[in-house]
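Just below is one structure, and these are the notes that go with it.
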Amino acid sequence: MSLSYELVQPEGGVPIKLWTRGVPVEPEARQQLANAARLPIVFKHIAAMPDVHLGVGATVGSVIPTLKAIIPAAVGVDIGCGMMAAKTTLRAEDLPDQLGPLRAAIEQAVPHGRTPRGRDVGAWEHPPEPVDQAWAQLAPDFDALCERHPRLRQTNNRKHLGTLGTGNHFIEVCLDEADLVWFMLHSGSRGVGNAIGTHFIELAKQDAERHQRNLPDQDLAYLEEGAEYFGDYVRAVSWAQNFAMKNRELMMAQLVATVRALIPKPFEVQVEAVNCHHNYVQREQHFGQEVFVTRKGAVSARRGQLGIIPGSMGARSYIVRGLGNPESFESCSHGAGRVMSRNQAKKRFTVDDQVRATQGVECRKDADVIDEIPMAYKDIDAVMAAQSDLVEVVHTLKQVLCVKG
DNA sequence: ATGTAC
């Protein structure tokens, strides 16, 4: 039987297994995977998902298991970034014909966009009660962290909880194959997670310099167990991941309340919503060994575990169930993956292209979202086919409304 | 992705 993945053996490193059959992979991404494979702390092999593409330090769409050490830049700065989705009892025909007012109401209810100095655009001016309650839960561990790392206090933290952000972060209303309405959203740990990531990436680089480590790439600097800041990083990254998960829960609640206020028909939202990180690190057992697994643009896919693989603004998204494939460290892709940079997309496509590609979706179609045009992403169907031994599709979702930051 | 500096 042929392998479901491509096997590459970089000289002086662990093997790389790529679930990329029928999907393009940039040579630069291969080089970057090989760099990570040469680190002495990597366990067994590296897994590349079908949406793999070049990132900072580590490749987006990769799973890197490490022994008694973590590479902060492999986790990245968008710590805890991920997806949340929930099915409702609403049906397509319960939605209004014109979705513009609903989009405007969601944009009004959930802070989104940039948070430049002195102006609260993407942040709460006065966080509502549920946000303050959630912050009260997060605050003690954050305060403890700030005692040892005071610069982290100078961040947007409490006012960013329950807010969307920018770029590819979005909120969608979707229909599944049975015309049931779903809510779905994509966001992370906002400013404070970014500051934590940046801070510890810097500390890891200083640590590598002190130890005169010979690294294939400075962005692959790692912190080892016993290093001065290792424990702090583990606590900080875990805190940011909790912040991100709570951030998504709060936005989902806000979204549900907003739709309830606008749609006359009463409806229920499933209690067991899916809420999964795709940029994170955690302790796991693989091949009988306790390891740190860093998923950068990858989702956990243990047997039976539900995950979310979104397509682009105009494409379908998938609710998936993990098959627990041990060779992928029980993981799957986090999306379609880009085929071109944001700048390339803005050069190549016009507003007319964007209008055509997002037909039937109530969303922004202006010059500032062309970098998110569906053609800038890989074909989601090819991506799904390449990982058929990692996940099975449970639901297929098509967006009818999309809010971008 | 985010915030800030250029």
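First the proteins, then the strands, lettered A, B, ... as listed; each starts at 1.
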Please check the phosphate of B:dT2 (OP1 and OP2 only) for any side-chain N or O of A:His160 closer than 4.0 Å.
no
Can you tell me how far P of B:dA1 sits from CG of A:Asn279, to the nearest Å?
10 Å
Mutual orientation of the aromatic rings belonging to A:His286 and A:Phe329 [parallel < 30°, tilted 30-60°, perpendicular > 60°]:
perpendicular
Just the rounded figure in Å: distance from C1' of B:dA1 to NE2 of A:His112.
16 Å
A:Phe243 CZ to B:dT2 P, in whole Å, measures 11 Å
Ring-ring centroid check A:Phe243 A:His160, cutoff 6.0 Å:
no
Check the distance between B:dT4's P and A:Arg151's CZ and give it to me in whole angstrom.
12 Å
In whole angstroms, the gap separating P of B:dA1 from CE of A:Met83 amounts to 13 Å
Hey, is the side chain of A:His169 poking within less than 4.0 Å of OP1 or OP2 on B:dT2, counting only N and O atoms?
yes
Taking the minimum atom-to-atom distance to the side chain of A:Arg190, which one of B:dG3, B:dT2, B:dA1 wins?
B:dT2
Check the distance between B:dA1's C1' and A:Lys296's NZ and give it to me in whole angstrom.
11 Å
Relative to the ring of A:Tyr233, is the ring of A:Phe200 parallel (under 30°), tilted (30 to 60°) or perpendicular (over 60°)?
tilted
Could you tell me whether the phosphate oxygens of B:dA1, OP1 or OP2, come under 4.0 Å of any side-chain nitrogen or oxygen in A:Asn168?
yes
Per nearest nucleotide of DNA chain B, the residue lying toward the 5' end, A:Gly167 or A:Gln154, is A:Gly167
Among A:Asp232, A:Asp143, A:Asp141, the one residue meeting salt bridge (Lys or Arg N to Asp or Glu O under 4.0 Å) with A:Arg148:
A:Asp232
Euclidean distance, atom NE2 of residue A:His186 to atom C1' of B:dA1 [Å, nearest integer]:
9 Å
Interatomic distance, A:Ile196 CD1 vs B:dT2 C1' [rounded to whole Å]:
13 Å
